[in-house]
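Just so we're clear, the structure is a prediction, and the values are computed from it rather than from any experiment. Start at 1 with the first residue, then count along the sequence.
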Amino acid sequence: MSGPALHPMTQAPEVPLPQPSEEDGEFILFAAHEHDVKFIRLWFADILGTLKGFAITVDELEEVLRNGASFDGASVTGQARAEETDMVALPDPSTWQILPWRPSENAVARMFCDLRTPDGEAAAIDSREVLRRSINRASDLGFTFYIAPEIEFYYIDPKTKQPLDEAGYFDQTSADLTGTGLRRETVLALEGMGIPVKHSHHEVSGGQHEIDIRHMNALTMGDAVVTYRVVVKEIAAQQGVHATFMPRPFNGRHGSGMHTSMSLFEGDRNAFYDEDDDMRLSGTARLFIAGLLRHAAEITAVTNQWVNSYKRLAPGLEAPVYASWSLGHWGDLIRVPAYRTGREGGVRVEYRAPDAACNPYLSFAAMLAAGLAGIENGYPLPEPLRGNVYELSDSERASHGIDRLPSTLDEAVRLLEKSELMREALGDKAMDSFVRNKRIEWESYIRTVTDYEVDEYLFRL
């Protein structure tokens, strides 16, 4: 029987059809029968990128594939919940997968859903729809947008709340036996769900790890990142370990980023590659970089959406603080990896601000919107920085046109609110909902007395 492949994550179209075909439905019903699937989890992300969903039984599957399933749309609004509102979750058949950590008898599958209003319109607050709109805009310009993230996280002991090991960068020693085993099982589970893995290794700090996903189109990658976070946590929990994507969970240790490599393709041709350029960067790539630099500050609230995100975006932690670009320095916001002969398709732009806890759909949409703005408006690009941006004085950075990124969530949200680019990219409803959530978080934070303040002032004043 024909239909979508059992590993669709590497094959999904750039913009899935809004309505499943009869053939798709027949294939899913057949696959459910063949794999003894009893429950199907219908997944979607709220405005903050948190995985939400509900389960149906296989007896309801045919009807839900045809007409979707109604649910309370207030679950999509994050912390800024309003009155209940009806919404419809319409499954995307290309995302059908069996959950490998669940029993094979009465198995559990999942599908990501597009969110619709009861009258069939796309829900403006649907993160997937926000990204789809940005993808469509790139498509109108002749581009396909590809993403390859490097996602970091910590394994911690849930009892002590401390890192699980004290191994170091790329260590392959007995100090990391548990982490190595967990990474192995996680990679197997990811690839079993059709998510291709490029690398996995121990990161710089004790307890910190990284698994890198091979490049895919942006919408499929958004689903993959959400799935990745679930798989990492589920595999760890089976061994009594907690995995966290908190941007910076520990003092004296590095934060967990999601360095994001991006490229635009025109058909099979990498639009970022130019063999006649010394850096092998095309004019399109340079304009894309210029757009990212110009709009970096106003998109930071989306790529780094938590109060804790700004404890990572600090000097000395290999995370960017300034909107600079270079051909290799790890501290710059944008890094262009060295070109390897014969690897034209691998020429890409790496944006290093996002952290592992962002909403990937909104973050990819924001970065794409900024890059496309550079292409459409012909922004000028300064020469790449040859030295260390942190060794320059403020006046030297100013002379290079290098601005500082926001240093708090409050500052970042204020810049986001003023951004016409981001309002157009996210849409009014998604933008306003996101901002309301971040205002709630910031106001809660500034009312909270931290351990630092108690230790610093309680007996001193």
Considering only NZ, NE, NH1 and NH2 on the basic side and carboxylate oxygens on the acidic side, decide whether Glu350 and Arg352 come within less than 4.0 Å.
yes
Ion pair check, Glu441 and Lys438, cut-off under 4.0 Å
yes
Is the number of heavy atoms from other residues, nucleotides or ligands under 6.0 Å of Glu453 CD greater than 12?
yes
Are Tyr154 and Phe245 close enough that their ring centers fall under 6.0 Å?
no
Stepwise, does the ring pair (Phe, Tyr, Trp, His ring centres under 6.0 Å) test hold for Tyr146 with Phe265?
CA-CA 8 Å; Tyr146 286 98; Phe265 272 69; 5.3 Å; yes
Using a distance-only test with no angle check, is there a side-chain donor-acceptor pair under 3.5 angstrom linking Ser263 and Asn270?
no
When you look at CG of Asp455, are more than 12 heavy atoms from neighbouring residues, nucleotides or ligands closer to it than 6.0 Å?
yes
Just say parallel, tilted or perpendicular for the rings of Tyr155 and His209, cut-offs at 30° and 60°.
tilted
Any carboxylate oxygen within less than 4.0 angstrom of a Lys/Arg side-chain nitrogen, looking at Arg132 and Asp114?
yes
Residues Ser324 and Asp332: side-chain donor-acceptor under 3.5 angstrom
yes
Would Arg128 and Phe44 count as a cation-pi pair here, with the cationic atom under 6.0 angstrom from the ring centre and within 45° of the axis?
no
Do the side chains of Arg423 and Asp432 get close enough for a salt bridge, i.e. N-O under 4.0 angstrom?
yes
Would you say the side-chain atoms of Glu298 and Ser419 include a donor-acceptor pair closer than 3.5 Å?
yes
